[in-house]
There are 2 protein chains.
Amino acid sequence: MPHHAGTEIYNDYPPPLTPEQEGYLVQTVKNWVVEHALTVRPSTAIVPEETNPANVLATSAPVTLFPSPFPKACFEQARSLQQVYNELYASIASDEQWLEHIMKELIEVDDFLANLWKIHLSVKEEGYVQDLSLGMFRSDYMLHTAEDAPVSLRQVEFNTISSSFGGLACKVAEMHTHLATFPAAKHPIAYPPHPLFANSTDKSPINTTGHPPKNEAVSTLVAGLAAAHTAYGPSRSDPPLQTCILFLVQDTERNVFDQLALSTHLYDHHHIPSFRLPTSKILAYTSIPSNDTNPARPLIYTPPSSPSTPYEVTVVYFRALYAPTEYNTPTSWAARHHLERSAAIKCPSILLHLAGSKKVQQVLTSRPPDADHLKAFLPNHPETALDSLRSTFAPQYSLSASQYSASSEPEGIRLALDEKTAANHVLKPQREGGGNNIYRTQIPPFLNSIPRDQWKQYILMELIHPPAVAKNTVLRSDGQVVSGNVISELGIFGTCLWRNTPGSTVPETLHNTEGGYLLRTKGKDSDEGGVAAGFSSLDSLILHEEA
Amino acid sequence: MPHHAGTEIYNDYPPPLTPEQEGYLVQTVKNWVVEHALTVRPSTAIVPEETNPANVLATSAPVTLFPSPFPKACFEQARSLQQVYNELYASIASDEQWLEHIMKELIEVDDFLANLWKIHLSVKEEGYVQDLSLGMFRSDYMLHTAEDAPVSLRQVEFNTISSSFGGLACKVAEMHTHLATFPAAKHPIAYPPHPLFANSTDKSPINTTGHPPKNEAVSTLVAGLAAAHTAYGPSRSDPPLQTCILFLVQDTERNVFDQLALSTHLYDHHHIPSFRLPTSKILAYTSIPSNDTNPARPLIYTPPSSPSTPYEVTVVYFRALYAPTEYNTPTSWAARHHLERSAAIKCPSILLHLAGSKKVQQVLTSRPPDADHLKAFLPNHPETALDSLRSTFAPQYSLSASQYSASSEPEGIRLALDEKTAANHVLKPQREGGGNNIYRTQIPPFLNSIPRDQWKQYILMELIHPPAVAKNTVLRSDGQVVSGNVISELGIFGTCLWRNTPGSTVPETLHNTEGGYLLRTKGKDSDEGGVAAGFSSLDSLILHEEA
């Protein structure tokens with residue numbers, strides 16, 4: 001194994017446990033997660049449907065027993081970039097022409113993207129009645145190690161729709177902090193001594209607080225929702241109605257307690273009521289007056305349990321309808337169109353949803369002498385800020401003849417088809433939602449097995465090389481405890497509210513914040529992500545200075 | 001059906017629900033309970049052990065969907081009596097001679113009581129090293145209706161050990177308040193209009209807040225533990241140790257989240273660490289130095305996960321070892337003896353445990369010209385206070401020749417054997433823990449089926465007649481929703497810390513508080529209680545003035 005700089009910290013972490021220590025730690029975690037609703041509804045793989053017909057059971061979210069060490073400088077860089085990233089994606093979503101140009105080729109071959117684009121065009125033709133957009137973002141990174149270079153951040157993706165796990169991530173940080181400090185930081189009874197904790201028995205060379213930094217994801221995300229709700233202003237109905245926020249959710253959502261952490265905080269701290277609306281009920285429980293009756297097109301939510309108290313919706317927060325598989329009924333697309341044409345602030349709008357495509361992420365990596373999109377979208381930022389942003393880009397390539405590349409040879413195709421270069425890459429589909437990636441030497445045979453005109457639906461990205469020796473132990477949702485080598489992915493949350501002025505592609509930013517983080521940790525042998533799917537676990541981090 | 005005064009309030013309560021309303025209400029409750037840990041571990045009847053081998057699942061505690069109406073005057077009377085009751089039981093537990101006299105006959109025939117008494121005598125002989133006692137009490141009542149009389153309170157029992165459900169009861173009150181006031185008290189979307197809610201569309205004749213009173217059970221109970229911890233004073237070990245409170249729990253406890261509500265509050269608000277100790281581990285994880293080494297007999301807890309940081313125990317809080325069935329290993333009694341002789345403050349001591357016998361409750365009902373025990377134990381209280389206490393006593397009788405009755409004829413035996421009078425009574429065993437009661441006309445054949453010298457193990461109590469037409473709907477732990485006629489039992493929580501002075505039977509009270517309530521509601525067709533057993537549900541109450 002080659003030497004990688006900056007990985008020494010992982011060598012003896014987490015500290016080994018005696019059977020008594022593991023027994024206590026696991027039992028404490030099993031109780032803590034339920035006491036604090038760090039939970040999910042169990043999948044049918046864990047509890048068969050006949051045992052749980054009323055869906056009343058809950059189980060632990062998959063969680064790590066220890067926080068993972070993370071370089072402080074990388075964490076702070078990720079945080080420092082978030083507001084710049086927020087502004088970047090607000091600018092992209094505000095530039096319809098640029099987006100159309102980038103997406104054009106994809107729209108031709110991808111029904112999902114084509115349908116989204118059609119809805120945008122249709123609403124544009126009728127005329128948008130809402131010039132505010134809300135983004136609740138999560139920028140995801142992995143640590144990248146290279147020989148003779150310090151460990152660095154590489155962006156995996158930027159989420160513009162349904163950025164989840166803010167609610168549960170706060171609780172994991174709280175749990176790890178409890179475990180590291182109860183009953184006293186110098187003598188926690190759950191964690192054996194280690195230089196990363198405050199209970200170290202050595203003179204420790206590591207500068208650490210001994211527990212995870214406070215996670216502000218919930219208050220940050222909810223403040224974004226509240227800012228949009230306030231910016232919406234008074235009811236546009238006649239007579240005026242009470243206002244609310246809608247959480248658009250999947251009919252069979254298992255990650256409900258993550259979402260409730262937000263809606264409860266929204267009500268407790270901002271006094272804004274919200275309701276959960278399953279996607280199958282959008283057309284049944286919401287309506288828009290005809291343009292003749294009320295050209296403002298307020299979105300009216302009629303609670304089925306209280307039809308006499310209709311509400312006007314200020315913000316539709318999408319925790320659903322991000323993936324093609326969710327548009328599986330005859331009215332799914334009509335429902336999305338219905339929401340898009342309403343006066344409610346969409347989180348996200350169709351254009352912002354599309355801005356999250358991996359194609360956009362890839363195009364942004366192009367540099368002079370090719371186009372310099374970053375500079376164009378962020379004219380007011382110094383070159384050092386843009387360089388810091390660029391330093392997080394993994395090399396990635398289009399598999400079509402690039403519209404923006406000065407070179408005539410599509411480099412991505414060359415790298416993907418050669419087994420030797422393919423071995424250092426991953427092939428990703430454009431769409432949201434994770435999964436379906438093709439890895440390494442499986443790329444050439446995969447591409448050769450599909451028609452060449454479908455290649456442009458994929459992006460080729462250089463593989464990220466996370467620290468090789470990180471370890472952790474996980475409590476899975478079925479109660480099993482497993483240990484092993486792990487890979488972590490850091491997400492930074494941010495929100496942005498902006499106004500688009502007709503005829504201008506420059507958004508007017510009303511609210512732009514960064515706050516809170518997610519660490520997802522998965523077994524090193526699994527290439528796929530997605531905590532809810534059970535492949536990876538919720539984690540938090542202990543910051544350390546690089547040695 | 002005869003007319004009972006004061007029951008009109010129940011006629012149209014709870015308000016009927018449309019299928020949409022019930023669907024919304026049930027779904028909201030199913031989410032709320034998990035989000036706020038109003039949960040229990042599921043029984044194997046709900047989830048078979050093979051589906052839940054790691055015991056990681058949780059389910060809703062059985063809860064009512066609506067708070068139950070309750071007469072305000074009765075609630076306030078119960079509250080006003082609690083501190084007097086606290087003092088009464090502190091006095092009883094401080095009068096060893098009186099207790100011995102009362103229990104003598106029972107001890108002769110009941111191994112459980114005999115073993116408890118033996119431990120007390122043994123520790124007394126060695127010499128108690130702790131003169132402080134802590135009581136965490138719950139006095140339980142039902143509403144009693146009689147023809148042409150206002151509805152009144154009748155005490156069911158007074159719990160001196162393991163008074164449970166304070167943690168979950170607070171959450172039920174919070175949940176019902178949420179349901180009655182979200183998103184606005186005038187327009188809750190979960191509850192249809194009703195005169196008992198603030199959303200009534202009538203001019204309501206009922207004076208009500210529209211939601212349950214705030215439940216202070218957790219802060220009250222925890223303040224009692226904290227007062228005892230503080231009163232214990234500094235470590236008696238040499239060298240001094242960190243101090244803690246022990247929660248003594250059953251090895252297979254399902255009601256763990258009720259207990260965690262207390263231990264978490266204790267740490268968050270009083271900075272006092274506590275540890276959960278299963279009864280099977282008492283002798284393994286706790287120790288007392290020999291009298292030669294340290295005659296103060298501090299109780300040392302060595303966390304199995306951190307043997308290098310032993311703690312000195314200030315308070316042992318019993319959430320176990322209250323029932324004979326729990327003393328089922330060769331060392332169970334040795335463990336109880338071990339705790340009793342230690343310097344830790346016991347909650348409860350053996351004498352306080354015994355003071356909770358139903359025999360004591362029955363003897364307290366005797367009045368002049370028989371003995372006036374109330375007056376003797378509470379010499380400083382005016383007769384009006386004692387009369388208020390007495391008004392809550394249900395008529396009850398010993399089944400032995402009473403030591404305290406001036407009459408030679410045991411009235412209890414006469415009432416129990418006559419089928420006509422038996423029909424208005426319940427036969428209760430002396431021991432704690434509920435269950436095993438014999439009702440009505442089954443009493444004579446039952447008594448005739450057991451040896452006459454065992455009769456004195458039972459108390460005969462006149463049946464309480466709760467309002468006949470109360471209704472509610474329950475979400476059970478298996479997710480089923482059931483509606484029907486119900487009976488409710490009100491518990492009032494209180495704590496008392498006192499010091500016994502050698503040679504005196506008058507306790508010096510250091511802390512005496514009342515606060516918080518429990519309402520348990522069960523189907524009218526079930527004679528037995530016990531929420532954890534699944535027969536009854538956790539409830540809260542909406543106070544109303546009598547019509």
Side-chain angles (χ1 to χ4, degrees), chain A residues 17-18 20-27 30-37 39 41-42 46-48 51-60 182-184 187-190 192 242 244 256-257 260-261 264 267 272-276 303-309 311 475-481, chain B residues 17-18 20-27 30-37 39 41-42 46-48 51-60 182-184 187-190 192 242 244 256-257 260-261 264 267 272-276 303-309 311 475-481:
Chain A
L17 300 172
T18 65
E20 289 76 17
Q21 286 171 331
E22 179 168 320
Y24 177 83
L25 179 55
V26 169
Q27 188 56 55
K30 281 182 186 172
N31 285 345
W32 201 98
V33 293
V34 175
E35 190 189 359
H36 296 82
T39 48
R41 294 289 184 196
I46 293 173
V47 183
T51 306
N52 187 23
N55 198 23
V56 70
L57 297 173
T59 191
S60 178
F182 177 85
H187 301 287
I189 71 163
Q242 297 292 311
C244 75
V256 60
F257 306 106
L260 290 174
T264 296
Y267 186 65
I272 301 171
S274 63
F275 302 103
R276 296 171 63 77
S305 66
S306 181
S308 63
T309 57
Y311 284 77
L475 172 68
R476 303 193 317 199
S477 284
D478 63 1
Q480 298 305 302
V481 176
Chain B
L17 300 172
T18 65
E20 289 75 18
Q21 286 171 331
E22 179 169 321
Y24 177 82
L25 180 54
V26 169
Q27 188 55 57
K30 281 182 186 170
N31 285 345
W32 201 99
V33 293
V34 175
E35 189 190 359
H36 298 81
T39 48
R41 295 287 183 198
I46 293 173
V47 182
T51 306
N52 188 23
N55 199 23
V56 71
L57 297 173
T59 191
S60 179
F182 176 85
H187 300 287
I189 71 163
Q242 297 292 310
C244 75
V256 60
F257 307 106
L260 290 175
T264 296
Y267 186 64
I272 300 171
S274 62
F275 302 102
R276 296 171 63 76
S305 66
S306 181
S308 64
T309 57
Y311 283 78
L475 172 68
R476 303 193 318 200
S477 284
D478 63 0
Q480 298 305 302
V481 176

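Computed over heavy atoms, backbone and side chain alike; hydrogens, waters and symmetry mates excluded. Throughout, protein chains are lettered first and strands after them, A, B, ... in sequence-line order, and every chain is numbered starting at 1.
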Item to complete: Name all residues meeting the side chain to side chain contact (heavy atoms under 4.5 Å, CB included) criterion together with A:His187; count only those two or more places apart in sequence or in a different chain, and write none if there are none.
Response: B:Thr309
Discussion item. Between B:Arg41 and A:Val34, is there a side-chain heavy-atom distance shorter than 4.5 Å?
Written reply: yes
Worksheet item: Just one of B:Asp478, B:Asn52, B:Thr59 clears the side chain to side chain contact (heavy atoms under 4.5 Å, CB included) bar with A:Leu57, so which one?
Response: B:Thr59
Worksheet, complete the sentence: Turns out that what part of B:Thr39 lies under 4.5 Å from chain A's heavy atoms comes down to side chain
Practice prompt. Side chain from CB out, backbone as N, CA, C, O: work out which of these in B:Phe182 comes under 4.5 Å of a heavy atom of chain A, or both, or neither.
Written response: both
Response to the item:
Heavy atoms of B:Phe257 and A:Asn31 approach each other most closely as CE2-O, 3.7 Å
Worksheet item: Among A:Val26, A:Ile46, A:Thr51, A:Leu17, which has the most heavy-atom pairs under 4.5 Å with chain B?
Response: A:Thr51
Worksheet entry | chain A contact via B:Pro304 - which portion, at a heavy-atom distance below 4.5 Å | both
Worksheet item: For B:Val47, is it the side chain, the backbone, both or neither that has a heavy atom under 4.5 Å from a heavy atom of chain A?
Response: both
Worksheet item: Looking only at atom types and distance, does a side-chain atom of B:Tyr267 sit under 3.5 Å from a main-chain N or O of A:Pro183, one as donor and one as acceptor?
Response: yes
Worksheet item: Within the side chain of B:Ser305, is there an N or O that forms a donor-acceptor pair under 3.5 Å with the backbone of A:Ile189?
Response: yes
Worksheet item: Where does A:Ser308 contact chain B at under 4.5 Å (heavy atoms): side chain, backbone, both or neither?
Response: neither
